[in-house]
Amino acid sequence: MRRALAGIALAVTSMVALSFLIPLALLVREQARDRVTTAAEQRASALSPVLALTTRRVDVQQAVAELDSRDQLAVRLPGGGFVGTPHAPREALERAVRKRETLAMDTAEGWVYLQPVVLPEDRVAVVEAYVPAAELTRGVWASWGVMSLLAVGLVGGSVLVADRLGARVVRSSQSLKRASLALGSGDLDVRVEPDGPPELQDAGAAFNTMADRVVELLAIEREMVADLSHRLRTPLTALYLEADLMGASPGARRITTAVSQLEAELDSIITAARTPLAAGPAAGQAPGRPCEVAEVVAMRLDFWSVLATQQDRICERSFTPRRTAVRFPEDDLAAVVDALIGNVFRHTPHGTAFAVRVERGDRHVLLTVDDAGPGVADPAAALTRGVSVGGAGGTGLGLDIVARAARAADGELEIGRSPMGGARVRVSFGLA
């Protein structure tokens, strides 16, 4: 922007300077010429009264010497003789004598002025005033130089002023850009100091207002999540009581274990929601030490295998023997696995087989969940937040959690058709 503003200022001021400089330069040259030619005409006119009184060569020579000491004045006497050195062409002298006509002309050596003087007895004398070419332009080049320097100074000054104004605008816009990028990357404390033109000052003030509102809305949302999570403790307590009433049966132990895990998840959610916004991780990041995808998937698959046995589901598993370390929190990875396998149990009938595979590529670890159910009719719509995979009976948050986790781990989520006839959900995670 600075370069563009400087270029505009250079073009405009150059055009304005040239529009004044060219006519003024021509005017200076004409004024210099008029000054010396007018002086020559005055000298020639001053000699006319002398010729009206006498045409004696001695008297005329004395008068010419008094009026001109640079040999620029000459007289053609009525008899054809000359006093001084003539510079006019012979044809011009004869014309002035014959037609008694005042002439002014440019020659190769300079400028010549011929003034005829009519004497008694029809005699004609001609006074010649000569100006060398150098004197016609004396002082012109110096004047042109001064005007050029002034024009260059004006153009340079205007470009400098435009550059300073542009720098101010650029600083303000770059500051606003940096603040926007910082806010987008999760720095909720960033603000800008409104500066620059009034429009950019208004934009900076609007950005600060927006940032304050974003922080306020996020705080409200996090507090709401914490409150909702805390309200779930009441039904969890009821489940604990029911498990105690069931005694020491295997079902009671499973219920107690599941409720304990759910309570731990709620505690982590409440803790994360109550953490100050400035201390939380930036959006799009997945902090935490590396974890093994195959180990986490195997652990969660063991948990779901009990329910799969009860529902007569055949579960196939295939894990790569190579290391599958990814820089992603273990709890979040477990939530991803639970969301994928949970979708199979929620949206396929009892007895539907499914398969879970963990593979390793050059740069990513692939987690694939296939099932033999009805599949996903519209994979694109299934990736939309709030749309359930099965079309009904769900919140649609499961795949949204998986998609966000994949993006945070430098991967992606794909939904397609499984070789088993149902849905295939594949999630990739960037290797640590």
Side-chain angles (χ1 to χ4, degrees), residues 1-22 24 146-226 272-288 327-329 383-386 400 403-412 430:
M1 180 181 291
R2 290 177 60 183
R3 184 177 299 177
L5 291 176
I8 293 173
L10 176 63
V12 173
T13 53
S14 297
M15 293 176 61
V16 173
L18 288 176
S19 65
F20 283 96
L21 188 61
I22 293 175
L24 187 59
V146 172
M147 290 188 295
S148 299
L149 290 177
L150 290 175
V152 171
L154 291 174
V155 172
S158 64
V159 172
L160 181 61
V161 171
D163 180 72
R164 293 297 89 198
L165 293 177
R168 185 184 178 195
V169 174
V170 169
R171 281 197 304 269
S172 301
S173 59
Q174 288 180 344
S175 174
L176 189 59
K177 172 188 173 182
R178 288 192 297 268
S180 300
L181 293 176
L183 182 64
S185 63
D187 185 1
L188 301 179
D189 293 331
V190 65
R191 297 294 185 273
V192 298
E193 185 68 28
D195 190 16
E199 294 79 4
L200 285 179
Q201 292 183 13
D202 294 341
F207 174 84
N208 292 338
T209 302
M210 178 194 67
D212 293 338
R213 183 58 177 166
V214 167
V215 172
E216 180 182 353
L217 292 177
L218 286 176
I220 294 174
E221 182 180 1
R222 290 162 68 91
E223 191 65 29
M224 184 180 297
V225 171
R274 294 290 172 84
T275 302
L277 289 173
Q285 294 181 349
R327 191 169 296 279
F328 196 72
L383 293 175
T384 304
R385 183 179 177 88
D400 182 71
R404 286 189 288 111
R407 289 193 297 270
D410 192 24
E412 58 182 359

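- With sequence neighbours excluded, the residues satisfying side-chain contact (heavy atoms from CB on, under 4.5 Å) with N208 are R191, V192, P194.
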Listed pairs under 3.5 Å, donor-acceptor, residues 148-161 side chains, sequence neighbours left out:
{"unit_1": "S148", "atom_1": "OG", "unit_2": "W144", "atom_2": "O", "d": "2.8"}
{"unit_1": "S158", "atom_1": "OG", "unit_2": "T13", "atom_2": "OG1", "d": "3.1"}
{"unit_1": "S158", "atom_1": "OG", "unit_2": "L154", "atom_2": "O", "d": "3.3"}
{"unit_1": "S158", "atom_1": "OG", "unit_2": "V155", "atom_2": "O", "d": "2.7"}

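- Taking both residues in full, the closest heavy atoms of L200 and S172 are given as CD1-CB, 3.6 Å, listed atom of the first, atom of the second, then distance.
- By the side-chain contact (heavy atoms from CB on, under 4.5 Å) test, A162 pairs with A9, sequence neighbours left out.
- Taking CE of M210 as the reference point, atom OG of S180 lies at 6.0 Å (rounded to 0.5 Å).
- When every heavy atom of F207 is checked against every heavy atom of L176, the shortest pair comes out as CB-CD1, 3.7 Å.
- With rounding to the nearest 0.5 Å, the separation of CG in L24 from CG in L18 is 12.5 Å.
- Listed by chain and number, the residues in a side chain to side chain donor-acceptor pair (under 3.5 Å) with D410 amount to none (sequence neighbours excluded).
- The CZ atom of R407 lies 7.5 Å from the CZ atom of R404; values are rounded to the nearest 0.5 Å.
- For the side-chain contact (heavy atoms from CB on, under 4.5 Å) test, residues two or more places apart in sequence or in another chain that qualify with R178 are Q174, S175.
- The side chain to side chain donor-acceptor pair (under 3.5 Å) search around D195 returns none, not counting sequence neighbours.
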